[in-house]
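Written below as C-alpha coordinates is the structure these notes are about.
Counting begins at 1 with the first residue of the sequence. Remember, it's 1-based here, ligands and their atoms both numbered in the order they're listed.
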Amino acid sequence: MIEIGHLRDPLLSDISRADLPALEAIRVRALGKSGSITALLKTLGGLSPEERQEKAPAIQRLRADVAEAIEARRALLDAAALDARLAAEKFDMTLPVAPAPQGSVHPVSQVLDELAEIFADLGFAVATGPEIEDDWHNFTALNIPETHPARAMHDTFYFPDVDAEGRRMLLRTHTSPVQIRTMTASPPPIRIIAPGRVYRSDSDATHTPMFHQIEGLVIDRGIHLGHLRWTLETFLKAFFEREDIVLRLRPSYFPFTEPSVEVDVGFSIEKGRRVIGGDPEGPNGGWMEVLGSGMVHPKVIAACGLDPAEWQGFAFGTGVDRLAMLKYGMDDLRAFFDGDLRWLRHYGFRALDVPTLSGGVGA
Ligand code: DAH
(Lines give C-alpha, C1' and ligand atoms only; values in the text may rest on other atoms or scores of the structure.)
Protein backbone atom coordinates (compact mmCIF):
# COMPACT_ATOMS: atom_id res chain seq x y z
CA MET A 1 0.00 0.00 0.00
CA ILE A 2 2.82 2.31 0.92
CA GLU A 3 4.45 1.55 -2.41
CA ILE A 4 1.31 2.45 -4.27
CA GLY A 5 1.09 5.85 -2.63
CA HIS A 6 4.79 6.33 -3.34
CA LEU A 7 4.41 5.59 -7.04
CA ARG A 8 1.21 7.44 -7.89
CA ASP A 9 1.98 11.07 -7.19
CA PRO A 10 5.45 11.31 -8.78
CA LEU A 11 4.22 9.38 -11.84
CA LEU A 12 1.17 11.57 -12.32
CA SER A 13 3.20 14.69 -11.85
CA ASP A 14 5.89 13.51 -14.32
CA ILE A 15 3.17 12.70 -16.83
CA SER A 16 1.61 16.13 -16.50
CA ARG A 17 4.89 17.77 -17.52
CA ALA A 18 6.20 15.25 -20.09
CA ASP A 19 6.69 15.88 -23.80
CA LEU A 20 6.00 13.04 -26.24
CA PRO A 21 9.36 11.17 -25.95
CA ALA A 22 9.35 11.57 -22.15
CA LEU A 23 5.79 10.29 -22.04
CA GLU A 24 6.79 7.12 -23.85
CA ALA A 25 9.72 6.65 -21.46
CA ILE A 26 7.37 6.98 -18.48
CA ARG A 27 4.97 4.46 -20.01
CA VAL A 28 7.78 1.93 -20.40
CA ARG A 29 9.10 2.66 -16.93
CA ALA A 30 5.71 2.14 -15.27
CA LEU A 31 3.62 -0.13 -17.50
CA GLY A 32 6.25 -1.91 -19.65
CA LYS A 33 7.34 -5.53 -19.17
CA SER A 34 9.69 -4.64 -16.32
CA GLY A 35 7.87 -1.49 -15.28
CA SER A 36 7.21 -0.59 -11.66
CA ILE A 37 3.44 -1.09 -11.78
CA THR A 38 3.85 -4.31 -13.72
CA ALA A 39 6.19 -5.50 -10.96
CA LEU A 40 3.56 -4.65 -8.36
CA LEU A 41 0.95 -6.63 -10.27
CA LYS A 42 3.31 -9.59 -10.36
CA THR A 43 3.55 -9.62 -6.55
CA LEU A 44 -0.16 -10.47 -6.44
CA GLY A 45 0.68 -14.00 -7.60
CA GLY A 46 2.50 -14.79 -4.37
CA LEU A 47 -0.30 -13.68 -2.08
CA SER A 48 -3.08 -15.66 -0.44
CA PRO A 49 -6.51 -15.26 -2.02
CA GLU A 50 -7.67 -13.04 0.84
CA GLU A 51 -4.68 -10.73 0.64
CA ARG A 52 -4.99 -10.62 -3.12
CA GLN A 53 -8.62 -9.61 -2.91
CA GLU A 54 -7.65 -6.84 -0.59
CA LYS A 55 -4.70 -5.45 -2.54
CA ALA A 56 -5.54 -6.08 -6.18
CA PRO A 57 -8.17 -3.35 -6.65
CA ALA A 58 -5.78 -0.58 -5.55
CA ILE A 59 -2.99 -1.77 -7.84
CA GLN A 60 -5.36 -2.16 -10.78
CA ARG A 61 -6.77 1.31 -10.18
CA LEU A 62 -3.24 2.70 -10.09
CA ARG A 63 -2.48 1.02 -13.42
CA ALA A 64 -5.70 2.31 -14.97
CA ASP A 65 -5.16 5.85 -13.67
CA VAL A 66 -1.59 6.01 -14.96
CA ALA A 67 -2.57 4.58 -18.33
CA GLU A 68 -5.41 7.07 -18.60
CA ALA A 69 -3.19 9.99 -17.61
CA ILE A 70 -0.65 8.98 -20.26
CA GLU A 71 -3.33 8.79 -22.96
CA ALA A 72 -4.83 12.12 -21.96
CA ARG A 73 -1.41 13.78 -22.01
CA ARG A 74 -0.64 12.22 -25.39
CA ALA A 75 -3.90 13.48 -26.89
CA LEU A 76 -3.16 16.96 -25.57
CA LEU A 77 0.36 16.96 -27.03
CA ASP A 78 -0.86 15.63 -30.41
CA ALA A 79 -3.50 18.32 -30.64
CA ALA A 80 -0.98 21.01 -29.74
CA ALA A 81 1.47 19.69 -32.36
CA LEU A 82 -1.27 19.76 -35.01
CA ASP A 83 -2.27 23.31 -34.08
CA ALA A 84 1.36 24.38 -34.33
CA ARG A 85 1.69 22.78 -37.79
CA LEU A 86 -1.53 24.35 -39.01
CA ALA A 87 -0.35 27.73 -37.82
CA ALA A 88 3.13 27.36 -39.31
CA GLU A 89 2.51 25.64 -42.66
CA LYS A 90 0.97 27.66 -45.46
CA PHE A 91 -0.09 26.36 -48.87
CA ASP A 92 -0.84 28.79 -51.67
CA MET A 93 -3.31 27.05 -53.95
CA THR A 94 -3.08 29.81 -56.52
CA LEU A 95 0.57 29.08 -57.33
CA PRO A 96 1.20 27.89 -60.89
CA VAL A 97 2.01 24.22 -61.47
CA ALA A 98 5.72 23.55 -61.13
CA PRO A 99 7.67 22.48 -63.08
CA ALA A 100 6.26 24.17 -66.19
CA PRO A 101 3.31 22.28 -67.74
CA GLN A 102 4.33 19.58 -70.19
CA GLY A 103 2.50 18.28 -73.22
CA SER A 104 -0.22 19.85 -75.31
CA VAL A 105 -3.65 19.11 -76.67
CA HIS A 106 -3.64 17.89 -80.28
CA PRO A 107 -5.46 20.24 -82.68
CA VAL A 108 -7.90 17.45 -83.60
CA SER A 109 -8.85 17.02 -79.94
CA GLN A 110 -9.11 20.77 -79.58
CA VAL A 111 -11.40 21.12 -82.59
CA LEU A 112 -13.54 18.17 -81.44
CA ASP A 113 -13.97 19.92 -78.09
CA GLU A 114 -14.84 23.16 -79.85
CA LEU A 115 -17.44 21.42 -82.02
CA ALA A 116 -19.02 19.63 -79.05
CA GLU A 117 -19.21 22.93 -77.18
CA ILE A 118 -20.81 24.80 -80.09
CA PHE A 119 -23.38 22.11 -80.83
CA ALA A 120 -24.16 21.49 -77.16
CA ASP A 121 -25.17 25.13 -77.01
CA LEU A 122 -27.56 24.50 -79.92
CA GLY A 123 -29.11 21.53 -78.09
CA PHE A 124 -27.25 18.69 -79.84
CA ALA A 125 -26.12 15.60 -77.90
CA VAL A 126 -22.98 13.67 -78.83
CA ALA A 127 -23.62 10.19 -80.29
CA THR A 128 -21.10 7.48 -81.08
CA GLY A 129 -20.94 4.31 -83.15
CA PRO A 130 -18.42 1.54 -83.73
CA GLU A 131 -15.43 2.04 -86.00
CA ILE A 132 -15.73 -1.61 -87.01
CA GLU A 133 -19.05 -1.52 -88.82
CA ASP A 134 -21.13 -3.75 -91.04
CA ASP A 135 -22.04 -2.89 -94.61
CA TRP A 136 -25.74 -2.52 -93.79
CA HIS A 137 -25.16 0.42 -91.44
CA ASN A 138 -22.28 1.90 -93.47
CA PHE A 139 -23.95 1.59 -96.91
CA THR A 140 -27.25 -0.23 -97.41
CA ALA A 141 -29.39 1.61 -94.84
CA LEU A 142 -27.92 4.86 -96.16
CA ASN A 143 -29.43 4.11 -99.57
CA ILE A 144 -26.14 2.91 -101.05
CA PRO A 145 -27.11 -0.56 -102.36
CA GLU A 146 -24.61 -3.28 -103.29
CA THR A 147 -24.26 -2.21 -106.90
CA HIS A 148 -24.15 1.53 -106.22
CA PRO A 149 -21.04 3.28 -107.62
CA ALA A 150 -20.69 5.26 -104.35
CA ARG A 151 -19.49 2.07 -102.67
CA ALA A 152 -16.51 1.97 -104.96
CA MET A 153 -15.83 5.67 -104.29
CA HIS A 154 -15.29 5.00 -100.62
CA ASP A 155 -12.11 2.86 -100.93
CA THR A 156 -13.33 0.62 -98.16
CA PHE A 157 -11.14 -1.51 -95.90
CA TYR A 158 -13.08 -4.80 -95.64
CA PHE A 159 -12.57 -7.58 -93.11
CA PRO A 160 -12.60 -11.16 -94.35
CA ASP A 161 -15.44 -11.95 -91.88
CA VAL A 162 -19.19 -11.55 -92.04
CA ASP A 163 -21.30 -11.09 -88.89
CA ALA A 164 -24.06 -13.41 -87.56
CA GLU A 165 -26.55 -11.87 -90.00
CA GLY A 166 -24.23 -12.39 -92.96
CA ARG A 167 -23.28 -8.70 -93.21
CA ARG A 168 -19.79 -7.86 -94.41
CA MET A 169 -17.62 -6.24 -91.75
CA LEU A 170 -15.55 -3.17 -92.57
CA LEU A 171 -13.88 -0.10 -91.09
CA ARG A 172 -16.50 2.61 -91.35
CA THR A 173 -15.78 4.94 -94.26
CA HIS A 174 -17.77 7.85 -92.79
CA THR A 175 -19.64 8.82 -89.62
CA SER A 176 -22.99 8.60 -91.45
CA PRO A 177 -23.73 5.08 -90.07
CA VAL A 178 -24.17 6.75 -86.68
CA GLN A 179 -27.30 8.36 -88.20
CA ILE A 180 -28.71 4.86 -88.66
CA ARG A 181 -27.63 3.67 -85.22
CA THR A 182 -29.23 6.71 -83.60
CA MET A 183 -32.52 6.47 -85.48
CA THR A 184 -32.86 2.74 -84.78
CA ALA A 185 -31.94 3.14 -81.11
CA SER A 186 -34.38 5.78 -79.92
CA PRO A 187 -37.43 7.61 -81.24
CA PRO A 188 -37.41 11.19 -82.60
CA PRO A 189 -37.04 14.06 -82.01
CA ILE A 190 -33.30 13.63 -82.59
CA ARG A 191 -30.57 16.25 -82.47
CA ILE A 192 -27.10 14.71 -82.42
CA ILE A 193 -23.58 15.19 -83.61
CA ALA A 194 -21.36 12.16 -84.13
CA PRO A 195 -17.64 12.87 -84.18
CA GLY A 196 -15.10 10.12 -84.74
CA ARG A 197 -12.48 8.26 -86.74
CA VAL A 198 -13.17 7.00 -90.23
CA TYR A 199 -11.04 4.95 -92.63
CA ARG A 200 -10.37 4.88 -96.34
CA SER A 201 -7.65 3.31 -98.40
CA ASP A 202 -6.17 6.61 -99.53
CA SER A 203 -2.96 8.49 -98.79
CA ASP A 204 -1.38 11.78 -99.92
CA ALA A 205 -0.86 15.33 -98.56
CA THR A 206 -4.58 15.84 -98.05
CA HIS A 207 -5.66 12.22 -97.40
CA THR A 208 -4.66 9.78 -94.68
CA PRO A 209 -6.03 6.24 -94.30
CA MET A 210 -7.54 7.29 -90.98
CA PHE A 211 -9.09 10.70 -90.51
CA HIS A 212 -11.86 12.36 -88.51
CA GLN A 213 -15.35 13.35 -89.45
CA ILE A 214 -18.27 14.87 -87.67
CA GLU A 215 -21.84 14.08 -88.59
CA GLY A 216 -24.92 16.02 -87.64
CA LEU A 217 -28.49 14.75 -87.64
CA VAL A 218 -31.79 16.39 -86.81
CA ILE A 219 -35.06 14.45 -87.07
CA ASP A 220 -38.37 16.01 -86.08
CA ARG A 221 -41.68 17.07 -87.58
CA GLY A 222 -41.70 19.85 -90.17
CA ILE A 223 -37.93 20.18 -90.57
CA HIS A 224 -36.85 21.95 -93.77
CA LEU A 225 -33.79 23.32 -95.57
CA GLY A 226 -34.13 26.65 -93.74
CA HIS A 227 -33.36 24.91 -90.44
CA LEU A 228 -30.30 23.32 -92.05
CA ARG A 229 -29.04 26.60 -93.41
CA TRP A 230 -29.48 28.47 -90.12
CA THR A 231 -27.81 25.70 -88.13
CA LEU A 232 -24.78 25.53 -90.41
CA GLU A 233 -24.41 29.30 -90.56
CA THR A 234 -24.61 29.59 -86.77
CA PHE A 235 -22.11 26.75 -86.37
CA LEU A 236 -19.59 28.14 -88.88
CA LYS A 237 -19.74 31.66 -87.41
CA ALA A 238 -19.12 30.27 -83.93
CA PHE A 239 -16.36 27.95 -85.12
CA PHE A 240 -14.41 30.51 -87.16
CA GLU A 241 -15.27 33.20 -84.61
CA ARG A 242 -16.36 35.75 -87.18
CA GLU A 243 -19.70 37.26 -88.02
CA ASP A 244 -18.79 37.93 -91.65
CA ILE A 245 -18.97 34.31 -92.76
CA VAL A 246 -20.97 33.89 -95.97
CA LEU A 247 -22.41 30.55 -97.01
CA ARG A 248 -23.18 29.30 -100.48
CA LEU A 249 -25.38 26.23 -100.82
CA ARG A 250 -24.80 24.33 -104.09
CA PRO A 251 -27.06 21.50 -105.32
CA SER A 252 -25.18 18.24 -105.14
CA TYR A 253 -25.72 14.52 -104.77
CA PHE A 254 -25.42 12.16 -101.83
CA PRO A 255 -27.37 8.88 -101.79
CA PHE A 256 -28.65 9.47 -98.26
CA THR A 257 -30.02 13.00 -98.74
CA GLU A 258 -32.61 14.50 -101.08
CA PRO A 259 -32.14 17.25 -101.93
CA SER A 260 -28.40 17.33 -101.28
CA VAL A 261 -26.35 20.45 -100.91
CA GLU A 262 -22.68 21.14 -100.68
CA VAL A 263 -21.84 24.12 -98.50
CA ASP A 264 -19.10 26.57 -99.42
CA VAL A 265 -17.80 29.35 -97.20
CA GLY A 266 -16.34 32.57 -98.48
CA PHE A 267 -12.66 33.29 -97.93
CA SER A 268 -10.60 36.43 -98.39
CA ILE A 269 -7.02 37.55 -97.99
CA GLU A 270 -6.02 39.35 -94.81
CA LYS A 271 -2.42 40.40 -94.10
CA GLY A 272 -1.26 38.20 -96.96
CA ARG A 273 -3.01 35.15 -95.52
CA ARG A 274 -6.08 33.33 -96.73
CA VAL A 275 -8.75 33.42 -94.04
CA ILE A 276 -12.29 32.07 -93.78
CA GLY A 277 -14.67 35.03 -93.74
CA GLY A 278 -14.59 38.43 -95.37
CA ASP A 279 -15.66 39.19 -98.95
CA PRO A 280 -15.40 36.19 -101.29
CA GLU A 281 -15.98 38.49 -104.28
CA GLY A 282 -13.05 40.75 -103.29
CA PRO A 283 -9.50 40.52 -104.71
CA ASN A 284 -8.16 36.95 -104.37
CA GLY A 285 -11.31 36.02 -102.45
CA GLY A 286 -13.30 32.91 -103.30
CA TRP A 287 -15.34 29.97 -102.13
CA MET A 288 -14.23 26.84 -100.37
CA GLU A 289 -16.27 23.70 -99.88
CA VAL A 290 -16.58 22.78 -96.20
CA LEU A 291 -19.59 20.51 -95.73
CA GLY A 292 -21.84 17.93 -97.33
CA SER A 293 -25.46 18.03 -96.27
CA GLY A 294 -29.08 17.73 -97.22
CA MET A 295 -32.53 16.62 -96.18
CA VAL A 296 -32.43 13.01 -94.95
CA HIS A 297 -33.69 10.74 -97.76
CA PRO A 298 -37.14 9.21 -97.05
CA LYS A 299 -35.66 5.78 -97.83
CA VAL A 300 -33.11 6.24 -95.03
CA ILE A 301 -35.83 7.25 -92.58
CA ALA A 302 -37.91 4.24 -93.64
CA ALA A 303 -34.89 1.88 -93.36
CA CYS A 304 -34.70 2.88 -89.69
CA GLY A 305 -38.34 1.92 -89.11
CA LEU A 306 -39.71 5.48 -89.06
CA ASP A 307 -42.53 6.86 -91.18
CA PRO A 308 -41.08 9.45 -93.61
CA ALA A 309 -44.52 11.07 -93.91
CA GLU A 310 -44.35 11.98 -90.25
CA TRP A 311 -40.61 12.53 -89.67
CA GLN A 312 -38.21 14.68 -91.66
CA GLY A 313 -34.75 15.90 -90.98
CA PHE A 314 -31.46 17.19 -92.18
CA ALA A 315 -27.96 15.79 -91.96
CA PHE A 316 -24.49 17.08 -92.58
CA GLY A 317 -20.97 15.75 -92.50
CA THR A 318 -17.51 17.19 -92.73
CA GLY A 319 -13.84 16.47 -92.06
CA VAL A 320 -12.63 17.52 -88.63
CA ASP A 321 -8.96 17.52 -89.65
CA ARG A 322 -9.76 19.79 -92.56
CA LEU A 323 -11.66 22.18 -90.29
CA ALA A 324 -8.60 22.27 -88.02
CA MET A 325 -6.33 23.01 -90.99
CA LEU A 326 -8.57 25.82 -92.19
CA LYS A 327 -8.86 27.41 -88.75
CA TYR A 328 -5.30 26.98 -87.50
CA GLY A 329 -3.37 27.14 -90.75
CA MET A 330 -1.66 23.76 -91.17
CA ASP A 331 -1.11 22.64 -94.75
CA ASP A 332 -0.10 18.97 -94.56
CA LEU A 333 -2.61 16.52 -93.13
CA ARG A 334 -0.02 13.75 -92.71
CA ALA A 335 1.77 15.74 -89.99
CA PHE A 336 -1.39 15.41 -87.86
CA PHE A 337 -0.65 11.74 -87.29
CA ASP A 338 3.17 11.66 -87.28
CA GLY A 339 3.45 12.20 -83.53
CA ASP A 340 6.31 14.69 -84.06
CA LEU A 341 6.73 16.57 -80.78
CA ARG A 342 8.03 19.69 -82.51
CA TRP A 343 4.82 19.89 -84.54
CA LEU A 344 2.72 19.31 -81.42
CA ARG A 345 4.58 21.99 -79.50
CA HIS A 346 3.94 24.42 -82.32
CA TYR A 347 0.30 23.61 -83.11
CA GLY A 348 -0.84 22.08 -79.80
CA PHE A 349 -3.07 23.77 -77.26
CA ARG A 350 -2.54 24.22 -73.55
CA ALA A 351 -4.38 21.60 -71.56
CA LEU A 352 -6.19 24.11 -69.41
CA ASP A 353 -7.46 26.21 -72.32
CA VAL A 354 -10.77 24.42 -72.51
CA PRO A 355 -12.95 25.88 -75.24
CA THR A 356 -16.12 27.54 -73.97
CA LEU A 357 -18.60 29.69 -75.80
CA SER A 358 -18.31 32.52 -73.32
CA GLY A 359 -14.51 32.43 -73.22
CA GLY A 360 -14.17 31.89 -76.97
CA VAL A 361 -13.81 28.52 -78.62
CA GLY A 362 -10.62 29.55 -80.34
CA ALA A 363 -7.07 29.77 -79.09
N1 DAH B 1 -20.82 10.89 -95.42
C2 DAH B 1 -20.34 11.83 -96.39
C3 DAH B 1 -18.88 11.54 -96.68
O4 DAH B 1 -18.27 10.80 -96.03
C5 DAH B 1 -20.45 13.24 -95.88
C6 DAH B 1 -21.87 13.67 -95.77
C7 DAH B 1 -22.50 14.30 -96.83
C8 DAH B 1 -22.56 13.44 -94.61
C9 DAH B 1 -23.82 14.68 -96.72
C10 DAH B 1 -23.89 13.83 -94.50
C11 DAH B 1 -24.52 14.47 -95.59
O12 DAH B 1 -24.59 13.64 -93.38
O13 DAH B 1 -25.80 14.85 -95.45
O14 DAH B 1 -18.34 12.05 -97.60
task: Could you tell me how the ring of Phe235 sits relative to the ring of Phe316: parallel (under 30°), tilted (30 to 60°) or perpendicular (over 60°)?
output: parallel

query: Taking the six-membered ring for Trp, are Phe256 and His174 parallel (under 30°), tilted (30 to 60°) or perpendicular (over 60°)?
result: perpendicular

task: Heavy-atom cut-off of under 4.0 Å around ligand 1: list whichever protein residues fall inside it, by chain and number.
output: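 These residues qualify: His174, Ser176, Gln179, Arg200, Gln213, Glu215, Phe254, Phe256, Thr257, Gly292, Ser293, Gly294, Ala315, Phe316, Gly317.
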
- prompt: Which heavy atom in Val178 sits nearest to a heavy atom in Ala194, and how many Å separate them?
  reply: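 In terms of heavy atoms, the two residues are closest at CG1-CB, 3.5 Å.
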
- prompt: Of all residues at least two apart in sequence or in a different chain, which pass the side chain to side chain contact (heavy atoms under 4.5 Å, CB included) check with Leu112?
  reply: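 Result, side chain to side chain contact (heavy atoms under 4.5 Å, CB included) vs Leu112: Val108, Pro195, Val320.
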
message: For a quick check under 3.5 Å, do Arg52 and Ser48 share a side-chain donor-acceptor pair by atom type?
response: no

query: Is the count of non-hydrogen atoms from other residues, nucleotides or ligands lying under 6.0 Å from Lys237 atom NZ greater than 12?
result: yes

